**Student:** 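What follows is a single structure, and I will ask about it in a moment.
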Amino acid sequence: QVQLEESGGGLVQAGGSLRLSCAASGRSFSRYARGWFRQAPGKEREFVAGISWSDGSTLYADSVKGRFTISRDNARNTVYLQMNSLTPEDTAVYYCAAGSSLTSLRDAHGYWGPGTQVTVSS
């Protein structure tokens, strides 16, 4: 089985930080772009951050740029999302994703994890 599974979500106060992790199993994702999406209740899913497999280039949504940092450890088949200066608007289910390229990932084409809840209180 091929599986992506997020961890690290939880409840934090505004201004706090969380680090999400996404471990993959079943195959190596070292040659896949990796990234994160999120979906808040009543809202559409949105792209948050992505990282390429080839040169490590990154892409961030404007809403998180400067606050979130994506990184990956191919040896551990894992991608991370460091989230700082969290606000209530960051509250959402965060989904790990993998795609054939950063562009493909941004277009929501690829593999998905089940999601982890992040709740930011005021």
Side-chain angles (χ1 to χ4, degrees):
Q1 59 183 18
V2 177
Q3 187 175 41
L4 301 176
E5 187 167 5
E6 304 89 346
S7 62
L11 175 64
V12 298
Q13 292 186 336
S17 298
L18 284 174
R19 188 171 84 147
L20 305 182
S21 299
C22 177
S25 61
R27 69 169 64 182
S28 173
F29 283 86
S30 62
R31 291 187 179 271
Y32 286 74
R34 305 290 296 275
W36 297 88
F37 288 74
R38 67 185 182 186
Q39 186 168 22
K43 297 184 179 180
E44 295 183 347
R45 181 182 59 188
E46 66 172 336
F47 174 80
V48 176
I51 184 168
S52 71
W53 70 266
S54 56
D55 60 3
S57 61
T58 58
L59 183 65
Y60 295 94
D62 288 341
S63 60
V64 307
K65 193 173 299 182
R67 299 188 298 120
F68 291 10
T69 302
I70 188 170
S71 61
R72 66 191 297 169
D73 186 342
N74 287 336
R76 297 178 178 177
N77 218 12
T78 300
V79 64
Y80 306 93
L81 185 68
Q82 178 66 46
M83 305 186 295
N84 298 327
S85 301
L86 287 163
T87 75
E89 292 187 346
D90 295 315
T91 295
V93 176
Y94 283 71
Y95 297 93
C96 172
S100 59
S101 69
L102 195 55
T103 299
S104 180
L105 177 67
R106 179 68 179 271
D107 293 337
H109 297 158
Y111 297 90
W112 297 87
T116 186
Q117 177 70 46
V118 172
T119 302
V120 185
S121 65
S122 300

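Side-chain atoms are counted along with the backbone in the values below, which use heavy atoms only and exclude waters and symmetry mates. Here the structure is a predicted model, which means the values were calculated and not measured.
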**Student:** Given 3.5 Å as the limit, does a donor-acceptor pair link the side chain of Arg72 with the main chain of Ser52, or not?
**Tutor:** yes

**Student:** Identify the heavy atoms of Cys96 and Arg34 that sit nearest to each other, and give their distance.
**Tutor:** SG-NH2, 3.9 Å

**Student:** With side chains defined as the heavy atoms from C-beta onward, is the minimum distance between Arg67 and Asp90 less than 4.5 Å?
**Tutor:** yes

**Student:** Look at the side chain of Tyr60 and the backbone N and O of Ile70, then say whether any donor-acceptor pair between them is shorter than 3.5 Å.
**Tutor:** yes

**Student:** Would you check if Arg106 and Leu59 make a side-chain contact, meaning some heavy-atom pair closer than 4.5 Å?
**Tutor:** yes

**Student:** Do the side chain of Gln82 and the main chain of Thr69 share a donor and acceptor less than 3.5 angstrom apart?
**Tutor:** no

**Student:** Just checking, any donor-acceptor pair under 3.5 angstrom between side chains of Glu5 and Ser7?
**Tutor:**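 No, no side-chain donor-acceptor contact under 3.5 Å.
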
**Student:** For Ser21 and Thr78, what are the C-alpha separation, side-chain angles and deciding distance, and is it a side-chain hydrogen bond (donor to acceptor under 3.5 Å, both in side chains)?
**Tutor:** CA-CA 7 Å; Ser21 299; Thr78 300; over 6 Å; no

**Student:** Measure across Ser85 and Ser17 and return the closest heavy-atom pair with its distance rounded to 0.1 Å.
**Tutor:**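 That closest heavy-atom pairing would be N-OG, 4.3 Å.
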
**Student:** side-chain contact (heavy atoms from CB on, under 4.5 Å) with Val93: which of Arg38, Glu6, Gln117, Arg45?
**Tutor:** Gln117

**Student:** Has the side chain of Asp107 got a donor or acceptor atom that lies under 3.5 Å from a matching backbone atom of His109?
**Tutor:** no

**Student:** Could you measure the distance from the CG atom of Leu86 to the CZ atom of Phe68? Nearest 0.5 Å is fine.
**Tutor:**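 The CZ atom of Phe68 is 5.0 Å from CG of Leu86, to the nearest 0.5 Å.
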
**Student:** Name the orientation class of the two ring planes belonging to Phe29 and Tyr111 (parallel below 30°, tilted from 30 to 60°, perpendicular beyond 60°).
**Tutor:**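 Ring orientation of Phe29 relative to Tyr111: perpendicular.
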
